Amino acid sequence: MTQQQTITIRRPDDWHVHLRDGVMMQGVLGFTARQFARAIVMPNLSPPVADVAAAQSYRERILAALPEGRSFQPLMTCYLTDDSDPAEIARGFAAGIFTAAKLYPANATTNSAQGVTAVRNIMPVLERMQQTGMPLLVHGEVTDHEVDIFDREAVFIERILDKLVRDLPDLKIVFEHITTSEAVQFVQSAGPKIAATITPQHLQINRNAILAGGLRPHFYCLPVAKREEHRIALRKAAISGSPKFFLGTDSAPHERGAKESSCGCAGIFNAPHALESYAAVFDEENALDRLEAFASEFGPRFYGLPLNEGTVTLQRAEVQVPESLTIAGGEIVPYHAGQVIGWRLVE
Ligand code: OTD
Ligand code: ZN
Ligand code: ZN
């Protein structure tokens, strides 16, 4: 059989990205906008994007930083805190400023210190979201120091998510950046209101990538990559054709010095070659015919948004990824640094 050389798909979206702010945002935005028509923009700035005014001005800063002639729509999210006001969140959703709201358990990941300390504190917000059809995006890890870091996602399902889904059966929930077979299983067996995003790195690396043969901080992100059996479960879910699993890169840039440090930041900057990286995974799995639905259909259907017009084409070709990129006057090491990816996005 001859190998497929190109694939053309409906223009995709990134359902989970960190665009940052200021010069960093100006430096990284073009990578996402080159590939994706829309992106769900995470609100974990400092201070967090926690009300309508903050989201509106953040959106304007993003639009102002877009490269000339690029059409790209940032979909804004609201960072939930213990003090979030149901009326403010409903107002932002009704006005089309907020597309979703984000639940960070306090201290689960980068800039989440002001996150939610107990789900019961935001029950009025969640009830209102359930009524209005506003999706809840969840960083699904417990933060209890007694729980091993590799178990924090599975324990989150047991202790929090399972009950949340039972208490609010009509709330749309995206279980973000899943990393375990337990999460795959949970999402598969839940009703149609529950979906998940999957990052390229969690389809490609297991925890050995971070720890074997030397400490490799550029593979460190949260939730941390797990054992090989989990990576395999995630791959199966991504290529399964189930509408519950869709693309979300979780691209999270940090300067080289902040990662290569005695206390390195969590986050993988995969935006430069994200779509190509996913294409390589689907190709390895002989599932290129499933890439379009994962990248361009299941996300908008779940969110209740129109599918994009237009297409992008990927070509089988060797793409050499640089060791580092100069962005915002500093250096950032991209995901796949120094490696070759087998697919190229045709401009
Ligand atoms: N994970 N880093 C970041 C966020 C994500 O949990 C996440 O969504 C970040 O730097 O903002 C990371 O490792
Ligand atoms: Zn997260
Ligand atoms: Zn993230």
Side-chain angles (χ1 to χ4, degrees), residues 16-29 31-32 42-48 79 102 104-115 139-153 156 176-180 197-228 230-231 234 248-274 277 321-339:
H16 182 133
V17 70
H18 300 267
L19 293 180
R20 310 304 194 205
D21 207 351
V23 289
M24 176 73 104
M25 184 260 285
Q26 289 160 9
V28 302
L29 176 63
F31 294 109
T32 293
M42 287 295 132
N44 63 331
L45 303 183
S46 162
Y79 184 115
K102 175 82 192 215
Y104 289 106
N107 301 314
T109 186
T110 307
N111 286 342
S112 62
Q114 293 162 75
H139 180 105
E141 288 191 288
V142 294
T143 53
D144 186 341
H145 293 285
E146 312 278 283
V147 178
D148 189 277
I149 187 158
F150 292 100
D151 297 332
R152 287 182 187 179
E153 184 174 283
F156 183 86
E176 297 287 343
H177 47 49
I178 58 169
T179 63
T180 59
T197 54
I198 308 181
T199 74
Q201 61 266 20
H202 293 114
L203 294 170
Q204 288 167 333
I205 62 167
N206 63 33
R207 63 194 195 172
N208 293 332
I210 311 164
L211 298 168
L215 191 56
R216 296 178 199 279
H218 300 291
F219 291 125
Y220 172 57
C221 68
L222 290 172
V224 69
K226 309 297 192 296
R227 285 177 181 275
E228 178 64 2
H230 297 288
R231 185 185 75 92
L234 294 166
T249 64
D250 200 12
S251 182
H254 292 276
E255 276 200 12
R256 174 174 221 145
K259 298 228 16 116
E260 297 176 9
S261 150
S262 59
C263 184
C265 292
I268 293 180
F269 179 49
N270 61 28
H273 300 282
S277 184
V321 179
E323 294 286 353
S324 86
L325 297 164
T326 303
I327 290 171
E331 240 189 301
I332 304 183
V333 176
Y335 183 49
H336 295 300
Q339 298 174 347

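On a predicted model such as this, the values are computed, not experimentally measured, just so you know.
Between H139 and Y104, the ring planes lie tilted relative to each other; the angle falls in the 30° to 60° range.
Listed by chain and number, the residues in a side chain to side chain contact (heavy atoms under 4.5 Å, CB included) with N107 are A113 (sequence neighbours excluded). With sequence neighbours excluded, the residues satisfying side chain to side chain contact (heavy atoms under 4.5 Å, CB included) with P48 are Y79, Q114. Applying the side chain to side chain contact (heavy atoms under 4.5 Å, CB included) criterion to R20, with sequence neighbours excluded, gives H18, M24, N44, A252, P253, H254. Applying the side chain to side chain contact (heavy atoms under 4.5 Å, CB included) criterion to Q26, with sequence neighbours excluded, gives V23, A65.
Within the structure, the salt bridge (Lys or Arg N to Asp or Glu O under 4.0 Å) test picks out the following pairs touching residues 323-337 (sequence neighbours left out): R256-E331.
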Could you tabulate the donor-acceptor pairs under 3.5 Å formed by side-chain atoms of residues 212-220, not counting sequence neighbours?
| from | atom 1 | to | atom 2 | distance (Å) |
| --- | --- | --- | --- | --- |
| H218 | NE2 | E260 | OE2 | 2.7 |

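Contact check for V333 versus K259: no side-chain heavy atoms found under the 4.5 Å cut-off. Between I198 and L203, the closest side-chain pair of non-hydrogen atoms falls below 4.5 Å.
Each of H177, E176, H16 was evaluated against T197; a single residue qualifies, E176, per the side-chain hydrogen bond (donor to acceptor under 3.5 Å, both in side chains) test.
Closest heavy-atom contact between S261 and A258: CB-O, 3.9 Å. Across all their heavy atoms, K226 and T180 have their closest contact at CG-CG2, 3.9 Å. Contact between S112 and A108 at its shortest, heavy atoms only, is OG-N, 3.0 Å. Of all heavy-atom pairs spanning P334 and S324, the tightest one is CD-CA, 3.8 Å. Nearest heavy-atom pair, P200 versus S277, reported as atom, atom and distance to 0.1 Å: CB-OG, 3.6 Å. Nearest heavy-atom pair across P272 and L325 is CG-CD1, 3.8 Å.
Residues H230 and H202 place their aromatic rings such that the two centres sit no closer than 6.0 Å.
In this structure, CD1 on I332 lies 8.0 Å from CZ on F31, to the nearest 0.5 angstrom. How far CD1 of I268 is from CG of L222: 10.0 Å, rounded to the nearest 0.5 Å. Taking CZ of F269 as the reference point, atom CD1 of I327 lies at 4.0 Å (rounded to 0.5 Å). Interatomic distance, OG of S46 versus CG of N111, reported as 5.0 Å (0.5 Å rounding). Rounding to the nearest 0.5 Å gives a distance of 7.5 Å between CG of D250 and OG1 of T109.
Between the side chain of Q201 and the main chain of Y335, no donor-acceptor pair closer than 3.5 Å is present. Remark: the backbone N or O of V224 is not paired with any side-chain donor or acceptor of R207 at under 3.5 angstrom. For N206 (side chain) and R231 (main-chain N/O), no donor-acceptor pair under 3.5 Å exists by modelled atom type.
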